[in-house]
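Structure, as structure tokens:
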Protein chains: 2
Amino acid sequence: MEARIKPPCEEIMRPLFHPAIEDVRPEAILHALSDPNRAAIFARIMRAGCVEACSAVSALGDRVIPKSSLSNHFKVLRDAGLIRSERRGVEMRNHSRWIEVEARFPGLLAAIVTAYAADGGEADRPPGP
Amino acid sequence: MEARIKPPCEEIMRPLFHPAIEDVRPEAILHALSDPNRAAIFARIMRAGCVEACSAVSALGDRVIPKSSLSNHFKVLRDAGLIRSERRGVEMRNHSRWIEVEARFPGLLAAIVTAYAADGGEADRPPGP
DNA sequence: CCCATAGTTCGAAAGTTCGGAACTATGGAA
DNA sequence: TTCCATAGTTCCGAACTTTCGAACTATGGG
């Protein structure tokens, strides 16, 4: 159908959606982070400031997460307004929107990340035996 | 099936389960409060200190929540460790476990309730447009 | 051009949530 | 006591969501 002409901008080709910070809703954030895998991914991005790629995070704890599930987890985090993703060549550069979210919902992300850390040591690990 | 035989318990219908505070998981809390209806119910119980009954909360905003859904919402809040429910005669007395949860996950509940309030009072909209 | 890598989309199976109808428990009225 | 009203739970089917393998698209390097 649409003959898409390649734009001169070599980075963006599919428009990844990121909500404006004022459209970010608490229920979306809580839903996104109510999955321990996603919480671990987010904690990791936050700790690193920026994680190079989805694949950099493909094993959490002792469990390997399939590519398609990972892709979906990143989409949920993105749609919730928690991270910003941009294509850099063949991979994706994800960084957290901590500062924006903190300004809108003060203390929320810190409390959540701290809660996961208090629960299992690190948010990087799904609950084990 | 044919006539059901009445179970031989003259006690309460079923012992309501409440997790010990050390068994409360952050993901359960986030999941429970990621539903705006449940968040509103919880905010209301917190604000009141104690709400008399499930039915006291049966209409949130302009929407009537069916009994069975309400019953389930209270169960989710209970299982997440957010409220404690006891039978008082024909109805239920629910109160929040704020103090226990606060001791285990400091700042978490306050941040969540504040976030919903900041979002536009969605968590407990007063009657009106 | 072909291949490898990084990520997305498709689709089917499994799991969760919603809500109406039927049920149980309690207390009060007849 | 029996009957009724109220409060809440359970059952179960429909609708929705989640998961993950396979097929697909995009980009960069031989």
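Being a predicted model, the structure only gives us computed values, none of them experimental. So you know, we letter chains A, B, ... as the sequences are listed, proteins then strands, and number each from 1.
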Contacts to DNA chain C from residues 64-73 of chain B, heavy-atom cutoff under 4.0 Å, which residues?
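Correct list: P66(B), S68(B), S69(B), H73(B).
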For atom [atom1] of [X] and atom [atom2] of [N], their distance in whole Å:
{"X": "L16(B)", "N": "dT10(D)", "atom1": "CG", "atom2": "C1'", "result": "14 Å"}
{"X": "F74(A)", "N": "dT9(C)", "atom1": "CZ", "atom2": "P", "result": "15 Å"}
{"X": "N37(A)", "N": "dT17(D)", "atom1": "CG", "atom2": "P", "result": "20 Å"}
{"X": "R93(B)", "N": "dA25(C)", "atom1": "CZ", "atom2": "P", "result": "22 Å"}
{"X": "R88(A)", "N": "dA6(C)", "atom1": "CZ", "atom2": "C1'", "result": "15 Å"}
{"X": "N94(B)", "N": "dA7(D)", "atom1": "CG", "atom2": "P", "result": "14 Å"}
{"X": "K75(A)", "N": "dT19(D)", "atom1": "NZ", "atom2": "C1'", "result": "15 Å"}
{"X": "R38(A)", "N": "dT17(D)", "atom1": "CZ", "atom2": "P", "result": "13 Å"}

Nearest 0.5 Å please: distance from the CZ atom of R38(B) over to the CD1 atom of I83(B).
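Nearest 0.5 Å value for the CZ-CD1 distance: 11.0 Å.
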Report the distance from atom CE of M46(B) to atom CG of L82(B), rounding to the nearest 0.5 Å.
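M46(B) CE to L82(B) CG: 9.5 Å, rounded to 0.5 Å.
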Taking the side chain of D35(B) as its heavy atoms from C-beta onward, which of dT8(C), dC18(C), dG8(D) lies nearest to it?
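Nearest nucleotide to the side chain: dC18(C).
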Would a distance-only check, ignoring hydrogens and angles, find a side-chain to backbone donor-acceptor pair under 3.5 Å from [X] to [Y]?
{"X": "R104(B)", "Y": "E22(B)", "value": "yes"}
{"X": "S71(A)", "Y": "S68(A)", "value": "no"}
{"X": "E102(A)", "Y": "G107(A)", "value": "yes"}

Under 4.5 Å between any side-chain heavy atoms of E27(B) and Y116(A), yes or no?
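In short, these two side chains touch, coming nearer than 4.5 Å.
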Can you find a pair of side-chain heavy atoms, one from S85(B) and one from K75(B), that are under 4.5 Å apart?
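A side-chain contact is absent here, since even the closest heavy-atom pair is not under 4.5 Å.
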Would I21(B) and L30(B) show up in the same hydrophobic cluster when neighbours are defined by side-chain heavy atoms closer than 4.5 Å?
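Both belong to a single hydrophobic cluster.
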Verify same cluster id: F42(B), I99(B) (apolar side-chain graph, 4.5 Å)
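Same cluster: F42(B) reaches I99(B) through Ile, Leu, Val, Met, Phe, Trp or Tyr contacts under 4.5 Å.
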Does dT16(C) have OP1 or OP2 sitting under 4.0 Å from an N or O in the side chain of H31(A)?
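The answer is no; no side-chain N or O of H31(A) sits under 4.0 Å from OP1 or OP2.
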Closer than 4.0 Å, any side-chain N/O of R63(A) to the OP1 or OP2 of dC20(D)?
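Result: yes.
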Got a list of protein N/O to nucleotides 1-6 of chain D N/O distances below 3.5 Å?
none

